[in-house]
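Side chains included, hydrogens not; waters and symmetry mates left out as well; all remaining heavy atoms used. Reminder, nothing fancy here: chain letters follow the sequence lines and each chain counts from 1.
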2 protein chains.
Amino acid sequence: MNDAETLDQPDETDETLGSLSRPGAVSGGRLRRAREAQILDAAEGVFAEAGFSGATMQGIAERAGLPKANLHYYFGTKETLYRAVLARILDLWVDAFDHLVPERDPAEALAAYIRDKMHWSRTRPLASKVFANEIIHGAPQVADYLSGKLKRTLDEKTRVIEGWIAAGRMAPVDPRHLVFTLWAATQTYADFEAQIRAVLGRETMDDDVFLVASRHVTGLILRGCGLKPPRGG
Amino acid sequence: MNDAETLDQPDETDETLGSLSRPGAVSGGRLRRAREAQILDAAEGVFAEAGFSGATMQGIAERAGLPKANLHYYFGTKETLYRAVLARILDLWVDAFDHLVPERDPAEALAAYIRDKMHWSRTRPLASKVFANEIIHGAPQVADYLSGKLKRTLDEKTRVIEGWIAAGRMAPVDPRHLVFTLWAATQTYADFEAQIRAVLGRETMDDDVFLVASRHVTGLILRGCGLKPPRGG
DNA sequence: GTCTATAATGGGATAGAC
DNA sequence: GTCTATCCCATTATAGAC
């Protein structure tokens, strides 16, 4: 199909999306890094709003304030640029799972995970949308990341949750499906923001919506797991 | 922007996507209806896999086993065909809310709603993906439906849930955000199926996955609402 | 490194025969 | 009503001047 194999680097410690700069380009150069970030920011927005096929290099160039040819100079092709955007998003999300460790109180750990995920939905909704779009269309670019690094992380966290359950510290919930629900319940405030705004009759997703949403998700999930919220929130 | 206004029919009883056949075409004709369904099925699949921009009329035609020009004969433009696909999906989903009525037991009502929604994720994942894609990209075609009919339905069901809470029949949960969580937790098994399969290490989403998923979502949400599952499920 | 101009492709839409 | 052949535009990518 496509060259998705080049994304998979099972021999390396980190199974991220791999080498994303052009073959001949050295990574250094403060100016280069700044230009790349400028282009990635613009691309994230356009890919989020239009999808991969709907996005145009011209549109990304205009949003970045650069001529179109510069994008090709820095990233070669539209697909490479798209993969670079995805890689940045995965880097962003990988850390939230660190809260789920055996020694921590389950209620505190889950509340912290929800807080972090809601934070990214609030501050980086465009990144979330690009990722959602990629998954809906069958994950052609990130399939190896999902079945590799992400699967191993989920397996590890599944054991943590099973440990909590075995110790009687929370109700017997399917750990993997609990995580699916956590992903869905938090990311919906970024991905489906248009629907939520519409049915709430709001022009914008303000802080107060996210405050209520965070309290709701935390309370509902923790009660669902037989836990009490750690704080008055 | 676009002609979204034509979708809004505030004076009619039903705020669906409105007249979707071509202006001159009479609706009758058994053969016509069959051909339209054939095209809509193919279009749903291609739009789900590729998005609106990524989908090609050629690809839809091949999937339907028809020449490309026939699609234009029946639906005029690509956008009209896309709107017809969306309209069919909304018709499909509108009924699940009927379970949430004041006189019914909250646990039974919510469990029935979850069951129906999981059923659609299981049997019509492509439809769910087309809708998800539309919302992620800002709901350009269904904005009026969301802020019209769907908002009114949600407002009505909010009052039902508030009634249950006021009567002490369930825990005090924000009704609207509860619905957002229900939508997210059920539709994720259709929309994010590629991710779920990848991290579960499965080639296909079989019945057993949906069985576990349904039990999980029902149990977690009902406990989160301070309710006990109505059956042994 | 940056930009203009252009080549090459792909796809939506339609004309017109049957 | 159905289908083939074709038009025309938008878009990716690149050549080559600066």
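Contact annotation: B:Asn70 side-chain N/O to D:dG1 OP1/OP2 distance is not under 4.0 Å. Checking the phosphate oxygens (OP1, OP2) of C:dT2, a side-chain nitrogen or oxygen of A:Arg35 falls inside 4.0 Å. For A:Tyr74 and C:dG1, the shortest distance from a side-chain N or O to OP1 or OP2 is not below 4.0 Å.
Considering all non-hydrogen atoms of both residues, A:Met205 and A:Ile196 come closest at SD-CG2, 4.0 Å.
B:Tyr189 has its ring centre less than 6.0 Å from the ring centre of A:His177. Side-chain rings of B:Trp183 and A:Phe192 stay apart, their centers remaining 6.0 Å or farther from each other.
Judged by distance alone, the side chain of A:Arg124 and the main-chain N or O of A:Leu92 form no donor-acceptor pair under 3.5 Å.
Of the candidates C:dG12, D:dT12, D:dG1, the closest approach to any side-chain atom of A:Lys78 belongs to D:dT12. Side-chain proximity of B:His72 to the nucleotides C:dG12, D:dG1, C:dG1 is greatest for C:dG12.
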Inset, instruction - Take B:His216 and A:Thr181 through the test side chain to side chain donor-acceptor pair (under 3.5 Å) and record every step on the way to the result. - result: CA-CA 9 Å; B:His216 158 77; A:Thr181 302; 2.8 Å; yes

Inset, instruction - For salt bridge (charged side-chain N to carboxylate O under 4.0 Å, His left out), just list the numbers for A:Arg176 and A:Asp155, CA-CA rounded to whole Å, side-chain angles, deciding distance to a tenth of an Å, and then say yes or no. - result: CA-CA 8 Å; A:Arg176 273 172 252 261; A:Asp155 289 345; 2.6 Å; yes

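Counting to the nearest Å, the P atom of C:dC3 and the OH atom of A:Tyr73 are 12 Å from each other. The distance from atom CD of B:Glu36 to atom C1' of D:dG1 is 13 Å, rounded to the nearest whole Å. Put simply, CD1 on B:Ile39 is 16 Å from C1' on C:dG12, counting in whole angstrom units. Between B:Phe75 atom CZ and D:dG1 atom C1' the separation is 15 Å, expressed in whole Å.
A heavy-atom distance below 4.0 Å to DNA chain C is reached by these residues of residues 54-69 of chain A, ordered by number: A:Pro67, A:Ala69.
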